[in-house]
Protein chains: 2
Amino acid sequence: MRKAATIRDVAREAGVSVAVVSRVLNDGTGPVAPHTRERVVAVMERLAYRPRAAARELQQQSTTTIGLVLADLTNPFFARLADRVVWEARARGIHVVLLTTQEDPHLESDSIDTLIERSVGSVIATPTGGNVEKWARLAQLGVNVVFVDREIEELPDIDVVTISNELSAEVATDHLLRLGHTRIAFISGPETTSTGRARVTGFRSAMHRAGVAVDERFIQSVPFRGTSGSDAVSSLLSGPIRPTALIVGNTAQVRNALSRVQQSSLSLPQDLSLVVFDDNPWTELVSPPLSVVRQPIDMLALHSVDLAYSRLKGSISDGARRIRVDADFIQRSSSAAPTT
Amino acid sequence: MRKAATIRDVAREAGVSVAVVSRVLNDGTGPVAPHTRERVVAVMERLAYRPRAAARELQQQSTTTIGLVLADLTNPFFARLADRVVWEARARGIHVVLLTTQEDPHLESDSIDTLIERSVGSVIATPTGGNVEKWARLAQLGVNVVFVDREIEELPDIDVVTISNELSAEVATDHLLRLGHTRIAFISGPETTSTGRARVTGFRSAMHRAGVAVDERFIQSVPFRGTSGSDAVSSLLSGPIRPTALIVGNTAQVRNALSRVQQSSLSLPQDLSLVVFDDNPWTELVSPPLSVVRQPIDMLALHSVDLAYSRLKGSISDGARRIRVDADFIQRSSSAAPTT
DNA sequence: TTGTAGGCGTTATCAG
DNA sequence: CTGATAACGCCTACAA
């Protein structure tokens, strides 16, 4: 394959100037005689001409691409989020560069570097919790950053779109309390993440409000990666006092937690009530179907892209936005009144 | 926010020429006095200087971004594929622009247009089956296209990375035949996709080889989207003769199919043996755990990115490659000898 | 309606 | 070792 045709080749071949070709390329920039346009288009077709995005971006300072930094596409929650973000982005004519951190701050740091070099206009990210200065720097460099699902409290100037984590945990806890449970355990994400902290807070306040003492051994903050969920369940079930109900507020560990429960001799919901965060394709397929807190992923995606896009176009006033959407609680058969 | 610092700013500020700065940037290009280097690095840090990827790409003809066109991120198979592709791409220092088609040829067509404008170097895609000319044109424009998971036979010049679909279906079928089943049903993807066709072919040839007649009503090719899987199961179970075993070779419809089976009065595997295509996080969580054909997603991703990258670097001879990797069959408890 | 020319930020080629 | 300077492909005033 010979070297690609440039705008100049097209111009020469069509017997016009590059300016004209440029105009037909992004029509609206200036006037072009219909007949001339036709000829130019024909030549572009014939030469299989393709404008170089690099040259274009270099020239016109702006970009139509945003970065999407997700923790882990293996988690259905993030996968669906990615799906919706791509969808919303397409509706606005912008492109999405996808990066993953695998929950690893080092990889996240690399991703941020990449994003800086790529000179994307905006970034939508689920931060690991580390790299505080780095995120700050990215934002300071003029990149519009939007945190979604999680946030970093030390960075109050960055837009945030999350569900009401605290409230969601309260609702889930209230549900179990109302059923009559008092020995409720909670498995959450790491303390380094806003979701991990907020959900525990919600759990505590619901318990407190109900006048039920919290057994500290019943609160387990575990990493997103690895099999920490299984271990947490084992530890909870092997203690001197066993919980009668369990909330898993760590979406990435629901699978491992459930798996371990299934391996135990306990049956749901007779011996243990279970409520998990995040609804996904299989929560209804297992037996019994799981009671869940369903995150409105569409809304998260919509608002994040909206923010990213608005900032890109400058059609939004300064000052960080914090958008909070409510999650739904869906009761299914994995939670019931305690039998003991 | 002031405008970003350029290489020239750094040069001026450090009292050197841009050439020197460029050299320290990509060290190895030329000699730089240690002392000078230090000073330049310091200035770069101070000015928060970041090289512009666009300018760099413009200068050195190459692009470091590839397009990834997936059918549906909601399907765990594609989500995991995306995860691995991003991972492999990162390892090679290239970026991934993500697009989805939702199995819709129109959206796919749009995506191809986007890809043309973006001037990505390579594209990894799971084609819907339509847009044959359009894919051809993209390839002709000099974009290295790699089809993964599915292929389009009319485009033999395009690289392909798939699992051995025919063989996988045969293995699954043989498994059931060996257990003693003869009334085996098969739900596959649409006839318009290579996977849909190949898996049915494999199913047929296994049946034929075993000398078992195929009941045509037992073969259902259904769309990836919608609830076609449920309907197919209903239709299979309500017929005059009921199958004793079912293979679902349509990864997107496994969920719906299983759900419908659960709603029926049949219990697995006593009344019906079930084997599904694609292993994923929940196949082992449902009861009974499902026998599956596991696709080696890592390998699919590795080879596709490898091809995309090699073509980008020109470090590979002409002529389309067709890479075929074997899938694993994993027996679990959803398949057993027929009880009738 | 069309053409000319300068510049976007880097890298690379030569002279110093 | 370092410094000018010419590309790279495109857009966009400003002229014609």
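A quick note: this is a predicted structure, and the numbers were derived from the prediction, not measured. The analysis underlying the following values was restricted to heavy atoms, covering all of them including side chains, and did not include hydrogens, waters or symmetry mates. Residue numbers start from 1 in every chain, and the chains themselves are labelled A, B, ... in the order their sequence lines are given, proteins ahead of strands.
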- line: Counted 5' to 3', the first and last nucleotides of DNA chain D within 4.0 Å (strictly under) of a heavy-atom of chain A are dG9(D) to dT12(D)
What nucleic acid atoms does [X] come within less than 4.0 Å of, heavy atoms only: base, sugar-phosphate, or nothing?
X        : value
Ala19(B) : base
Thr6(A)  : sugar-phosphate
Val18(B) : base
Gln61(B) : sugar-phosphate

Within the side chain of [X], is there an N or O that forms a donor-acceptor pair under 3.5 Å with the backbone of [Y]?
X         : Y         : answer
Asn144(A) : Val123(A) : no
Ser109(B) : Pro105(B) : no
Arg92(B)  : Glu88(B)  : yes
Ser22(B)  : Val18(B)  : no
Thr126(A) : Ala71(A)  : yes

- line: Comparing nearest nucleotides in DNA chain D, the 5'-proximal residue of the pair Gln60(A), Gln59(B) is Gln59(B)
message: Return whichever of Arg23(A) or Arg37(B) has its heavy-atom-nearest nucleotide of DNA chain D closer to the 5' end.
response: Arg37(B)
- request: Sort and list the pairs that fulfil ring-ring contact (aromatic ring centres under 6.0 Å, His included) and have at least one residue in residues 102-157 of chain A, not counting sequence neighbours.
  value: Trp135(A)-Phe147(A)
query: Partners of Val132(A) by side-chain contact (heavy atoms from CB on, under 4.5 Å), sequence neighbours excluded?
result: Ile152(A), Glu154(A), Leu155(A)
I'd like to know whether [atom1] of [X] has more than 12 heavy-atom contacts from other residues, nucleotides or ligands below 6.0 angstrom.
X         : atom1 : value
Arg137(B) : CZ    : no
Arg23(B)  : CZ    : yes
Arg311(B) : CZ    : yes

- prompt: Earliest and latest nucleotide of DNA chain C, 5' to 3', sitting under 4.0 Å from a non-hydrogen atom of chain A?
  reply: dT1(C) to dG9(C)
Axis deviation across the helix from dT1(C)-dA16(D) to dG16(C)-dC1(D), five-pair ends, to the nearest 10°: 40°
message: Could you work out, with side chain to side chain donor-acceptor pair (under 3.5 Å) as the rule, every residue matching Asp113(B), not counting sequence neighbours?
response: Lys134(B)
